[in-house]
There are 2 protein chains.
Amino acid sequence: MDTRDRLIESARELLWERGYVGTSPKAIQAHSGVGQGSMYHHFTGKPDLALAAINRSAEELRERAEVAFATPGTPFERITAYFRREREVLKGCPIGRLTQDPDVMADPELRKPVQETFTWLTGRLADLLAEALEDTVDAHATAPALVAVLQGGYVLARAAGSADVHTRAVDGALGLLAGYVAKEGN
Amino acid sequence: MDTRDRLIESARELLWERGYVGTSPKAIQAHSGVGQGSMYHHFTGKPDLALAAINRSAEELRERAEVAFATPGTPFERITAYFRREREVLKGCPIGRLTQDPDVMADPELRKPVQETFTWLTGRLADLLAEALEDTVDAHATAPALVAVLQGGYVLARAAGSADVHTRAVDGALGLLAGYVAKEGN
DNA sequence: GTCTATAGTGTGATAGAC
DNA sequence: GTCTATCACACTATAGAC
């Protein structure tokens, strides 16, 4: 891993743990072992490095989601696979947490990957739900509800200090969904 | 409103907008019009003032929830009233957002009101759900799922820059719930 | 109770040597 | 590419006068 990469990975880690406002260039340097001058050689400043880090995290989220969605089975089984996938619940969502960062939301460049990630994920899920539910219920409203369960589950888990609530929330959501799943042909 | 109160109200506002890490004592002083010395007379420091602000916000959240829950009607109607209640969606949840603040979660005193608020809300909702659903589905898992929809809805709305997604997520969740509501005796 | 002064540390970046 | 030096400003307080 070269210097540039180490900076991005450290930024990703710290952004995840402490957010944009809570992460200083100095902290990134200390975490990565890269010096001041070196960092400013590779990136114009904190926002530039953060953008690279956010983009990489967004890409990773998408890839991991696609892996779960590619599980063999019915659409409902593929949705379930995604929701039950392993997660670092207590650390929260590396993209979702940025939503609470005033400086990220205020900067269109930093905000864009966050916005696009959720638009993509919600759309992807809506398609699967449309297949799974076959008009028993509105996929266009159900998709954001499900994504919200995941994101809100992180909030509850962090508040409680335990991953259990996230699991329960997912169980609850899938439990509700189950009753609407088209019984045949999937 | 006296000086102490003005400080608490300003801290509440800024904590809501910028979080704990992103809010400086100086900013609170500027926002409230209270001087440096005055602030440190009334509070021992930033954590002390933040605690007062968080406690007040937590109390307010509870009171507002109880107002909605007290709506006349069936348990499902009371739950619906709570979920459809007016919200400053794009500002997010003043308590839920603290969950992403590393310094809040690291301080047991600051964290406690956050934890208790969600424990209370989830429990309250579980009781109403148990009445509304009458064992058609597990209220113990459904309650955190619903709270998560609310919290996650804020995340989606902020990411999208529009309150619509929050509304859709709530619609989706209530739509799923509707099919399980006990049809008589409520 | 409120004010001003002061202080030590951190932030985010620039400059220029190597 | 990487290093050290330096900078102007912000952060979070403390001290002591009024």
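Protein chains get the first letters and strands the later ones, always in sequence-line order, with residue 1 at the start of each.
By the salt bridge (charged side-chain N to carboxylate O under 4.0 Å, His left out) test, A:Asp5 pairs with A:Arg56, sequence neighbours left out. Listed by chain and residue number, B:Glu60 satisfy the salt bridge (charged side-chain N to carboxylate O under 4.0 Å, His left out) test with B:Arg64 (two or more places apart in sequence, or in another chain). Under the salt bridge (charged side-chain N to carboxylate O under 4.0 Å, His left out) criterion, B:Arg85 pairs with no residue at all, not counting sequence neighbours. Every residue was checked against the salt bridge (charged side-chain N to carboxylate O under 4.0 Å, His left out) condition with A:Asp138, not counting sequence neighbours, and none meets it.
Note: the hydrophobic cluster containing A:Leu125 does not contain A:Val67 (ILVMFWY, side chain heavy atoms under 4.5 Å, direct or indirect links). Under the 4.5 Å side-chain heavy-atom criterion for ILVMFWY residues, a single connected hydrophobic cluster contains both B:Val147 and A:Leu150.
Note on ring orientation: taking the six-membered ring where Trp is involved, the planes of A:Tyr82 and A:Phe69 are tilted (angle from 30° to 60°).
Taking a heavy-atom distance under 4.0 Å as the criterion, the stretch of DNA chain D touched by chain A extends 5' to 3' from D:dG1 to D:dT4.
Residues from residues 24-44 of chain B placing a heavy atom under 4.0 Å of any atom in DNA chain D, listed by number, are B:Ser24, B:Pro25, B:Lys26, B:Gln36, B:Tyr40.
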